[in-house]
Amino acid sequence: MLTLGVNIDHVATIRQARRTVEPDPVAAAALAELAGADGITVHLREDRRHMQDRDVRILRETVRTHLNLEMAATDEMVGIALDIKPDYVTLVPERREEVTTEGGLNIAGQQTRMDEVVDKLQSAGIPVSLFIDPDETQIKASAATGAKFVELHTGKYVEVKGEEQAKELELLRLGCEQSLALGMRVNAGHGLTYWNTYPVAQLPGMEELNIGHSIISRAVLVGLERAVREMKQVIMGVPLS
Ligand code: PXP
């Protein structure tokens with residue numbers, strides 16, 4: 001069954017706006033789980049703009065579902081992951097000046113480095129997911145690293161409408177099919193909202209959707225438990241009332 005990974009980064013964004021202690025993403029993770037989240041996702045960025053090391057350490061102790069740590073493939077982050085041992089790691093590209101993750105990883109362009117990082121993490125028992133565009137070259141390169149998962153980037157799909165969106169959805173469908181055929185499991189995410197998620201949720205073989213900004217934005221207005229519950233319903237084909 002398709003699962004929902006709730007990305008709680010932006011709870012920490014609100015806290016960091018004042019460099020205070022509230023709202024605590026650890027409390028948010030517990031509430032999201034009570035509301036039906038199947039997993040908790042956090043991105044520890046190099047500049048620590050939202051999640052802090054303390055958050056990830058405590059979440060490792062408190063998360064009852066699974067903890068997905070998104071991070072860049074740097075030596076610092078690999079060291080933190082090996083220490084904290086999340087349930088899985090999603091490797092993402094990262095540039096300091098970007099507002100959010102832009103574009104998928106270029107695995108084919110840095111095959112040796114990615115092979116090495118995936119091996120280091122997976123040898124320590126941490127399955128790795130590679131955040132890539134639904135592109136055949138990147139999918140093949142991802143499979144060559146031995147990574148257990150890919151996360152297909154839905155950024156292009158969410159930016160366009162109509163026929164163009166149908167084309168992007170077809171690329172995601174194909175990407176899912178190709179990844180599964182190469183023995184990888186498939187997640188997807190980025191920019192998904194209450195209005196554009198259902199078609200992605202229906203793609204055959206899709207395992208987990210990682211959704212953050214839209215859920216936390218809605219949570220500010222209607223509460224986190226309701227926002228998570230409603231996204232779970234959307235995934236199952238119940239539109240927002
Ligand atoms: N998946 C990955 C790999 C991401 O980097 C992000 C953003 O941190 C997301 C999913 C969630 O994206 P959004 O916040 O737009 O739902």
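Order of listing sets the numbers, starting from 1, for every ligand and every atom in it. Just so it is clear, the model here is predicted, and its values are computed rather than measured.
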Do you know which of H50, H10, H43 makes ring-ring contact (aromatic ring centres under 6.0 Å, His included) with H213? H10
[X] N/O to ligand 1 N/O under 3.5 Å:
X    : value
L192 : no
S214 : no
G212 : yes
E70  : yes
E151 : yes

Quick one: which ligand 1 atoms are inside 4.0 Å of a heavy atom on [X]?
X    : result
G191 : 12 (O), 13 (P), 15 (O), 16 (O)
I211 : 16 (O)
N210 : 10 (C), 11 (C)
H213 : 13 (P), 14 (O), 16 (O)
V92  : 3 (C)
N7   : 8 (O)

I need the single residue from K148, E70, R185, E208 that forms a side-chain hydrogen bond (donor to acceptor under 3.5 Å, both in side chains) with Y88. Which is it? E208
Is it true that E170 and R173 have a side-chain N and a carboxylate O under 4.0 angstrom from each other? yes
How about E164: does its CD atom have over 12 heavy atoms from other parts shown lying under 6.0 Å from it? no
With a 6.0 Å cut-off (strictly less than), is the heavy-atom count around NZ of K85, excluding the residue itself, greater than 12? yes
Determine whether V56 and L82 fall in the same hydrophobic cluster, where Ile, Leu, Val, Met, Phe, Trp and Tyr are linked whenever their side-chain heavy atoms lie under 4.5 Å apart. yes
Evaluate the criterion side chain to side chain contact (heavy atoms under 4.5 Å, CB included) for residue pair E151 and V186; output intermediate values, then yes/no. CA-CA 6 Å; E151 178 171 331; V186 185; over 6 Å; no
